[in-house]
Every structure is written in C-alpha cells, then in structure tokens.
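Okay, structure first, notes after.
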Amino acid sequence: MYKIEKIGKDYLYIKIMGTFPPSVALKFIDDFEETTKNLKNLSVIVDGLDFILLNLKSFEIVLEFLKRNNERLVKSAYVIAQNPVLDKEAQILLDRADSPKRKIVDNLDDAKKWIGISEIIIEKD
C-alpha cells in the first residue's frame, strides 16, 4: 500500500506501507505519473518506515521507473526502517538507478534537509 501527497510546488511525500507486490508497484507508477504529469522537476521524500518487503518483480518494475525519472529528479530521500535486508535491497535499487540525487537517510528530518524543504511537518498516521 502507498500514499502520494504533494507537499509543495515541486515536492512530493510518498508513504510506503507493508508489502509492495507487482500489482501495487504498477498502480503506484500510474498514480505517480498522473500526479506529476505537469511537473518539470521534482523532489521526493519516500517514507519507508512501515515498509516490509520488496518482491523481486516489484524491484525490477521500480528500478525501471526510477531510471525513467532521473532527468527531472532534483533530489529524493529514502527513509528506511531498521531492517538490514530491506536496507540492502534499497541500497542496491538506488545504486542501479544510477543517480547521485537519491540518498538513503536515517529519519524524516534528514530527508527534509536533503531535498531542501523545511516548512512542512510530517506526522505519522
């Protein structure tokens, strides 16, 4: 499950929860593209604190999606729970997406600093 919110003119907050099977990954991409279709540039916080597992097929879907968005991406920060397996998966995904604009951070405050937004407050659901 996921939630996509605009938190500024060119800023998005994405909350990933639970597992991310291929059907959800494809729906996410459709929703993301619809939400960002009028944005020339974008910065994103991906909140994965409640994320559990990335299916291998989902990994491939998300990787291709990230590569397609490298050009218009300003910066993105990924907050991952203290899960060594998920941390490794996320790092491999970001390495293969081949962009120094993406970074894994420890918390939401570091994510806001990395993408350059401070005037928002993100509350846990």
Side-chain angles (χ1 to χ4, degrees):
M1 201 156 100
Y2 62 89
K3 177 172 50 170
I4 303 171
E5 293 182 41
K6 282 187 86 174
I7 56 174
K9 181 181 174 219
D10 297 330
Y11 295 91
L12 296 172
Y13 170 76
I14 300 171
K15 175 74 172 176
I16 307 289
M17 299 159 277
T19 61
F20 211 66
S23 60
V24 173
L26 291 169
K27 173 91 171 91
F28 165 77
I29 290 169
D30 288 343
D31 289 348
F32 184 90
E33 288 175 346
E34 177 64 27
T35 302
T36 64
K37 68 183 175 188
N38 296 321
L39 299 178
K40 182 178 176 184
N41 297 307
L42 56 107
S43 292
V44 182
I45 293 175
V46 179
D47 179 347
L49 291 173
D50 297 323
F51 187 45
I52 297 171
L53 180 65
L54 184 61
N55 174 297
L56 181 58
K57 180 65 177 166
S58 297
F59 181 95
E60 294 168 359
I61 291 167
V62 172
L63 177 59
E64 288 307 311
F65 166 72
L66 291 176
K67 287 179 180 180
R68 284 195 318 261
N69 280 293
N70 275 344
E71 287 184 27
R72 67 183 184 148
L73 179 68
V74 176
K75 284 190 177 178
S76 63
Y78 296 78
V79 185
I80 307 295
Q82 297 299 325
N83 177 337
V85 173
L86 190 55
D87 286 347
K88 187 63 175 170
E89 279 183 337
Q91 190 60 57
I92 291 169
L93 184 65
L94 297 184
D95 288 347
R96 290 188 183 171
D98 196 31
S99 174
K101 302 172 189 175
R102 293 185 174 93
K103 179 178 181 179
I104 295 175
V105 296
D106 293 329
N107 55 56
L108 292 171
D109 287 332
D110 288 348
K112 291 189 294 185
K113 286 178 195 168
W114 173 249
I115 70 164
I117 192 167
S118 60
E119 66 273 2
I120 63 162
I121 298 173
I122 299 172
E123 296 180 11
K124 280 191 103 165
D125 289 338

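The residues of the chain are indexed from 1 along the displayed sequence. Owing to the predicted nature of the structure, the values given are computational and were not obtained by experimental measurement.
In this structure, CD1 in I117 is found 4.5 Å from CD1 in I7, a value given to the nearest 0.5 Å. Of the inter-residue distances, the one linking K15 atom NZ with D50 atom CG reads 3.5 Å to the nearest 0.5 angstrom. Here the straight-line distance linking atom OG of S43 with atom NZ of K75 works out to 8.0 Å at 0.5 Å rounding. The distance from atom CZ of F28 to atom CD1 of I16, rounded to the nearest 0.5 Å, is 5.0 Å. To the nearest 0.5 Å, atoms CD1 (I4) and OG1 (T35) are separated by 4.5 Å. Considering CH2 of W114 and CD1 of I45, their distance stands at 12.5 Å, rounded to 0.5 Å.
K27 pairs by the salt bridge (Lys or Arg N to Asp or Glu O under 4.0 Å) definition with D31, not counting sequence neighbours. Remark: K37 engages E34 in a side-chain hydrogen bond (donor to acceptor under 3.5 Å, both in side chains) (not counting sequence neighbours). In terms of the salt bridge (Lys or Arg N to Asp or Glu O under 4.0 Å) criterion, residue partners of E5 (sequence neighbours excluded) are, by chain and number, K3.
Checked against a 6.0 Å centroid threshold, the rings of Y2 and F32 do not count as neighbours.
For the residue pair I115 and S76, the shortest heavy atom distance occurs at CG2-CA, 4.1 Å. For N70 against K101, the heavy-atom pair with the smallest separation is O-NZ, 3.2 Å.
Side-chain atoms of T19 do not come within 3.5 Å of backbone N or O of P21 as any donor-acceptor pair. Under a 3.5 Å cut-off, the side chain of K57 and the backbone N or O of P22 do not form any donor-acceptor pair.
Looking only at side-chain heavy atoms (C-beta outward), K103 and D110 stay at 4.5 Å or farther from each other.
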